[in-house]
Amino acid sequence: MARESKKSKRERAAEVCRRMEERYGQVGSALDYHSPYTLLIAVMLSAQTTDRSVNKVTPELFRRWPGPAELAAADVAEVEDVIHSLGFYHSKARHAVELARTLVADYGGEVPSTMEGLTSLPGVGRKTANIVLNKAFGIVEGIAVDTHVYRIATRLGFTRAPSPAAAEKDLLDLIPHDLWTGVNETWIRLGREICPSQRPKCDECPLADLCPSAGNPDRYRKRSKK
């Protein structure tokens, strides 16, 4: 099979985004939040768990600690009690309290609106920062690549990166800036409905004609670490 040109791959990536927007529209966050602070905490808690699970614990979490100042003064064990149903709740509780203390000490209790500021916070990487910048501040500086986005990008042949974090650079190089905003939410929807890790429904996929892995979802598995 001939090697695909960068121009062809970029055209294919743009068409993927167009079809995803056509199918899902402007998708909002599945996480419940009402401020940059509550969004930041919710996104951080959502790592390796479902948004639905996070939405079950955040009402009580934000009732008890409604802002960074309150959370900064919280006992980590009490935060653990509130979020204990989530995966990795020990480290998440510790990071949440450390994050709140950093916000109070270094940012006057306000969530920073820059990539540098956000990624300086405990437990916050580029994926979380991209979501907060986009949803809370309307700033599009990158693409939030979670496991769904990474899996789909790999199957589409858009990346051979060994991790979701490393895959972002490849996607930014292929996808036009004005299409970055919708990638995370729409590709997550596709990943949940059509393209899960096991038994993807290639015969129902609106991207089948654009996907080199259609009918062979493990095509790139050996070259991509999960």
Side-chain angles (χ1 to χ4, degrees), residues 27-151 163-168 184-185 187-189 191-192 197 226:
V27 183
S29 175
L31 292 168
D32 295 335
Y33 68 94
H34 56 269
S35 67
Y37 159 72
T38 56
L39 175 62
L40 175 60
I41 296 296
V43 175
M44 190 192 72
L45 294 179
S46 70
Q48 311 231 340
T49 193
T50 65
D51 294 341
R52 181 178 300 179
S53 296
V54 175
N55 290 339
K56 289 179 179 178
V57 303
T58 48
E60 176 63 11
L61 181 72
F62 297 138
R63 185 191 70 79
R64 295 181 63 172
W65 303 289
E70 292 82 4
L71 188 57
D75 184 290
V76 173
E78 292 184 9
V79 177
E80 288 180 350
D81 286 343
V82 173
I83 68 168
H84 74 275
S85 61
L86 304 180
F88 303 99
Y89 71 93
H90 290 297
S91 60
K92 288 178 180 180
R94 185 179 72 255
H95 282 148
V97 173
E98 291 174 351
L99 181 156
R101 290 173 179 168
T102 302
L103 288 178
V104 172
D106 298 344
Y107 296 98
E110 298 294 327
V111 174
S113 58
T114 65
M115 178 63 72
E116 181 180 10
L118 285 165
T119 54
S120 74
L121 300 173
V124 178
R126 275 193 62 94
K127 185 194 80 169
T128 296
N130 274 321
I131 293 173
V132 173
L133 287 175
N134 188 344
K135 302 295 184 183
F137 301 107
I139 297 171
V140 182
E141 195 167 316
I143 295 172
V145 181
D146 70 348
T147 55
H148 292 289
V149 175
Y150 176 56
R151 180 173 64 253
S163 68
E168 184 189 7
N184 180 261
E185 299 289 353
W187 290 27
I188 285 175
R189 290 286 187 92
R192 289 172 176 164
S197 59
K226 291 296 180 183

Contacts of Ser35 meeting side chain to side chain contact (heavy atoms under 4.5 Å, CB included) (sequence neighbours excluded), chain-then-number -> Tyr37, Thr38
Of all residues at least two apart in sequence or in a different chain, which pass the salt bridge (Lys or Arg N to Asp or Glu O under 4.0 Å) check with Asp81? none
Straight-line distance of Asn134 CG to Ser29 OG, nearest 0.5 Å: 10.0 Å
NZ of Lys56 to OG1 of Thr49: how many Å apart, nearest 0.5 Å? 9.5 Å
Residues which pass side chain to side chain donor-acceptor pair (under 3.5 Å) with Ser113, listed by chain and number, not counting sequence neighbours: none
Using atom types as modelled and distance alone, determine if a side-chain donor or acceptor of Asp32 lies under 3.5 Å from a backbone N or O of Asn55. no
Pro122: what forms a side chain to side chain contact (heavy atoms under 4.5 Å, CB included) with it, not counting sequence neighbours? His95, Glu98, Leu99, Thr102
Nearest-0.5 Å distance that lies between atom NE2 in His90 and atom CZ in Arg94: 10.0 Å
Going by the salt bridge (charged side-chain N to carboxylate O under 4.0 Å, His left out) test, which pairs reach into residues 103-124, not counting sequence neighbours? none
If I compare all heavy atoms of Ala72 with all of Ala100, which pair ends up nearest, and what's the gap? N-CB, 3.5 Å
Using the test salt bridge (Lys or Arg N to Asp or Glu O under 4.0 Å), find all partners of Arg63 that sit at least two apart in sequence or belong to another chain. Glu60
Verdict with reasoning, Leu118 to Asn130, per side-chain contact (heavy atoms from CB on, under 4.5 Å): CA-CA 9 Å; Leu118 285 165; Asn130 274 321; over 6 Å; no
How many angstroms lie between CG in Leu86 and CD in Gln48, if you round to the nearest 0.5 Å? 12.0 Å
Contact summary for Phe137 and Pro112, nearest pair of heavy atoms: CE1-O, 3.6 Å
Return each pair, listed once, that meets salt bridge (charged side-chain N to carboxylate O under 4.0 Å, His left out) where at least one residue sits in residues 122-132; pairs must be two or more places apart or across chains. Arg126-Glu168
Write down the atom of Ser46, the atom of Asp51, and the distance for their closest heavy-atom approach. CB-OD1, 3.8 Å
One pair to check against side-chain contact (heavy atoms from CB on, under 4.5 Å): Leu61 and Leu45. What are the steps and the verdict? CA-CA 11 Å; Leu61 181 72; Leu45 294 179; 3.8 Å; yes
Applying salt bridge (Lys or Arg N to Asp or Glu O under 4.0 Å), can you list everything that pairs with Arg101, at least two apart in sequence or on another chain? none
Does Ser85 have any side chain to side chain donor-acceptor pair (under 3.5 Å) partners at least two apart in sequence or in another chain, and if so, which? none
State the CZ-CD1 distance between Phe62 and Ile41, to the nearest 0.5 angstrom. 6.0 Å
Set of side chain to side chain contact (heavy atoms under 4.5 Å, CB included) partners for Tyr89, sequence neighbours left out: Glu80, Ile83, His84
Please table the atom pairs, donor to acceptor, closer than 3.5 Å between any side-chain atom in residues 140-148 and protein atoms at least two apart or in another chain.
from: Asp146; atom 1: OD1; to: His148; atom 2: N; distance (Å): 3.1
from: Asp146; atom 1: OD1; to: Val149; atom 2: N; distance (Å): 2.9
from: His148; atom 1: ND1; to: Arg151; atom 2: NH2; distance (Å): 2.8

Between Thr58 and Ala42, what is the shortest heavy-atom contact and its length? CG2-CB, 4.5 Å
What's the spacing between Leu40 CG and Ile131 CD1 if we round to 0.5 Å? 10.5 Å
Ala166: partners by side chain to side chain contact (heavy atoms under 4.5 Å, CB included), with sequence neighbours left out: Ala161, Pro162, Ser163
Please confirm whether the backbone N or O of Gly117 pairs with a side-chain atom of Ser120, one donor and one acceptor, at under 3.5 Å? yes
Show the nearest heavy-atom pair for residues Ala74 and Val79, with the distance to one decimal. CB-CG2, 3.9 Å
